[in-house]
Undergrad: 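A single structure is presented below for examination.
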Amino acid sequence: MTKSSAKTTAKTGGNPPRGFIGQPLARVDGPLKVTGRATYAYEHEHGGRPAYGHILGAAIAVGRIVGIDTTEAERAPGVIKVMTLRNAPVQPAFGPPVTPTVPEVFTRARPMLSTDRVRYYDEPAALVVAETFEAARAAAGLIRISYERDEGAFELAGRLGEAYAPGRTNAGFETDSAIGDFEGAFASAAVTVDTTYRTPYAHHNPMEPHATLAVWSGNQLTIHTGAQTLANFQAGLANTLGIPAENVRIVSPFVGGGFGAKLIVHPDTVLAAMAARELQRPVKIALTRQQMFANAGHRAEMIHQIRLGSDGDGRLTAMGYDVWSATSRFEEFCEQTAVFARSLYAAPNRLTRHRLVPVDLNRGEWMRSPGEAPGMLAFECAMDELADRLGLDPIELRRRNEPAEDPERGVPFATRNLVACMEEGARRFGWERRGATPARVQEGRKLIGLGMAAAIRPNYIGGAAARVAIDATGDVTVRLDMTDIGTGTYTILTQIAADVLGVPLSAVRVELGDSSFPRTAGSGGSWGAASSGSAVHDACSKLREKIVQAALPGDDAAGTEASFAGGEVRIGGRAERLSDLLRRVAPDGIEAEGAVQPFRQNDLYKDWSQHSYGAHFAEVAVDCDTGEIRVRRMLAVIGAGRILNAKTARSQILGGMAWGLGAALMENTVLDRHHGHFINHDLAEYHVAVNGDVPDMEVVFLEEHDDKANPLGAKGLGELGVCGAGAAVANAVYNATGVRVREYPITLDKLLPHLPTAAIQW
Ligand code: MOS
């Protein structure tokens, strides 16, 4: 088996002072990545020469398969097996739709090739396994499938009459919330905004496609894949194959991006496991980039109606947020789009509602910052509209609506530095240079605008456990089934373990991404660092206690002062090299386990409102003849508790900001509304922000330590960078041009007809 861990070899600039946590350390796994030794899913070698699978997708969105001719494909060179619904193994049924509150949504059986029903375009209809990838792909083109095609429904806007209220939203939130008398307060408000935004279908597009190598040994299955949360893959695959979870091992040491697209099993994993069992040979399958668009999740199209009412001074009296989203007809997903608004601004009368319209598409999935990412694109622009209507600075409007406590839960905020983030950002960004009236600042042919938006994202803790072992030389091994999806997990866990045990970074080896290690909630929902970090912190603290106990056999170790620093341990005033002590009292080494409870079982989450906050700023230049929008500068000021690694944290925020820019100006999956097919299903046609689009970006972290969050004082920040970033860009476009585009992305065709060219004097 390939090495599945990153030895810590980070250069730390000589002899750094104690306290590795927070330092901007380079990734400990960086050298493995830049030298090609970090092994990704499709690169694994295990169990002998693999066979290669290629999936053939259905050519209709809804209907039945009525005939399959595989004769030619089976005769093609190198083909080992063609699998269709005629010969696929019997699997448990998919079952009825489940709501997102039911955890089974992560782990349910996802049978493949098990029925003649087609539920979405490009749903797997056949698998070809061959000696090479090329042979499999070529043979897949020789399969002839005939269909009976049904009419599907793919529209959202025209079908709001069919909307229904789901039982809950994603992450278990209430579908609706209502406080006071929204309708009455809105009707009688001195100043109102009633505005509707649209956000399009969007796709995650991690750089590494979904890929799996499946290897059977007797009844034991090993899966090498890119997974964010191993437990979901283990359970989901076991349920699909009808085998016990303990017979499935998931190995995922390096993941080339997830963004929510790798939280559950997808067709590559299920089909590779099925084919490998059938053939008694390792099987590799990767989804093509095109297949990922239909088969690996997307963010659904949404319509957001936001109604804000305020008094003449800009104090909100009524806040209403209604969101309609498309959802798959066969498996519900309700993004918690309006949930953040329940806690963001004060307003005595409040209303939030989520409604779903079924479409004949694959299930939407979690996509970076579910809820806030699309929701803040709408809501934070609606706030900008209100500020404009009031003639009030957007920061001042938000300041006037800063709540004293969580406005819907009625509990205090653990830490909330939203106002400080906005003020610090305004100062650094030169906010005073923003023209209060839009379309008045000009540089030659460019219209210049500044925009801002708030950022908020809940701080979750997922259940996590960790095991740590120290040997007699003082070398530490940390193991947990956490993943590093490019975020820097290996590095921050190394820093935490080194700090708690008072050993150098080079003494710590962190091993991740193996389901045989203690279970964690993995990487998702921005909970990864705080959850796995807290588990590692707890395991290392318990290991310290065990070391002290071993040093003081029979004594009351608990009452004894002990400190661990610089490779030394000081117990009751007596100092000794840690390795000397261990050789003396624990020549076989010592192990300890630690854990953290998920947030819903944690009183600190019941008693406190826990979120991370930030403020985004953007400057744009719009060409007044062509409508071309260039973002010139972006700034994020972030309050997210204690920062575990200033470098990897900054990278997370930068990535989010770039994504926010893309969401505002570029990203848009175009759905063929007759055939239910995502048309621009590759990176040539689906535009993400690239280096040339990304301007000068700055990230500032406010000094924070949230003692309500966890022992580390850290809060989630992975997804915070995207929350509000796009709205800041959109608000800057409005400030530059006076044109408010309410249908994302803001492309020049939507801007150009409305540009105030006549007013421009040369
Ligand atoms: Mo995240 S969308 O939970 O990876």
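Values below: every heavy atom of this structure, side chains too, minus hydrogens, waters and symmetry copies. First listed ligand is number 1; within each ligand, the first listed atom is number 1.
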Undergrad: For salt bridge (charged side-chain N to carboxylate O under 4.0 Å, His left out), just list the numbers for Glu208 and Lys262, CA-CA rounded to whole Å, side-chain angles, deciding distance to a tenth of an Å, and then say yes or no.
TA: CA-CA 10 Å; Glu208 180 202 29; Lys262 294 176 183 169; 2.9 Å; yes
Undergrad: Would Met367 count as being in polar contact with ligand 1, using the rule that some N or O on each side must be under 3.5 angstrom apart?
TA: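 In fact, backbone or side chain, Met367 has no N or O that close.
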Undergrad: Within 45° of the axis and under 6.0 Å from the centre of the six-membered ring of Phe94, does NZ or CZ of Arg108 qualify?
TA: yes
Undergrad: Starting from atom 1 (Mo) of ligand 1, find the nearest protein heavy-atom neighbour and note its residue, name and distance.
TA: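 Checked against all protein heavy atoms, atom 1 (Mo) of ligand 1 sits closest to Glu719 OE2, 3.2 Å.
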Undergrad: Using a 4.0 Å cut-off to any heavy atom of Arg368, which atoms of ligand 1 qualify?
TA: 2 (S)
Undergrad: With under 30° as parallel and over 60° as perpendicular, where do the rings of His298 and His203 fit, or are they tilted in between?
TA: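 Answer is tilted, since the angle falls between 30° and 60°.
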Undergrad: Do any N/O atoms on Gln228 end up under 3.5 angstrom from N/O atoms on ligand 1?
TA: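 Yes: some nitrogen or oxygen of Gln228 is under 3.5 Å from one in ligand 1.
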Undergrad: Taking all heavy atoms of Leu661 and all of Met666, pick out the closest pair and write down the distance.
TA: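 Heavy-atom minimum between the residues: CD2-CE, 3.7 Å.
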Undergrad: Determine whether any heavy atom of Pro370 lies closer than 4.0 Å to an atom of ligand 1.
TA: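 Contact present.
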Undergrad: Counting from 1, what ligand 1 atoms have a heavy atom of Leu263 closer than 4.0 Å?
TA: 3 (O)
Undergrad: Show me which atoms of ligand 1 lie under 4.0 Å from any heavy atom of Gly525.
TA: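 Every atom of ligand 1 under 4.0 Å from some heavy atom of Gly525: 1 (Mo), 3 (O).
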Undergrad: For the 3.5 Å polar cut-off, considering only N or O atoms, please tell me whether Gly260 and ligand 1 meet it.
TA: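 Yes: some nitrogen or oxygen of Gly260 is under 3.5 Å from one in ligand 1.
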Undergrad: Using a 4.0 Å cut-off to any heavy atom of Trp366, which atoms of ligand 1 qualify?
TA: 2 (S)
Undergrad: Could you tell me which atoms of ligand 1, counted from 1 in the order shown, lie closer than 4.0 angstrom to a heavy atom of Phe259?
TA: 2 (S), 4 (O)
Undergrad: Name the orientation class of the two ring planes belonging to Phe293 and Tyr686 (parallel below 30°, tilted from 30 to 60°, perpendicular beyond 60°).
TA: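 Phe293 vs Tyr686 ring planes: perpendicular.
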Undergrad: Determine, stepwise, if the pair Arg355 / Asp176 fulfils salt bridge (charged side-chain N to carboxylate O under 4.0 Å, His left out).
TA: CA-CA 9 Å; Arg355 296 294 179 267; Asp176 296 353; 2.9 Å; yes
Undergrad: Out of the candidates Tyr120, Tyr201, Tyr121, only one should pair with His677 under the ring-ring contact (aromatic ring centres under 6.0 Å, His included) rule; please name it.
TA: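 By the ring-ring contact (aromatic ring centres under 6.0 Å, His included) criterion, His677 pairs with just one of Tyr120, Tyr201, Tyr121: Tyr121.
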Undergrad: Hey, are His354 and Ser325 close enough side-chain-wise for a donor-acceptor pair under 3.5 Å?
TA: no
Undergrad: Which ligand 1 atoms are under 4.0 Å away from a heavy-atom of Gly524?
TA: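 Per the distance check, 1 (Mo), 3 (O), 4 (O).
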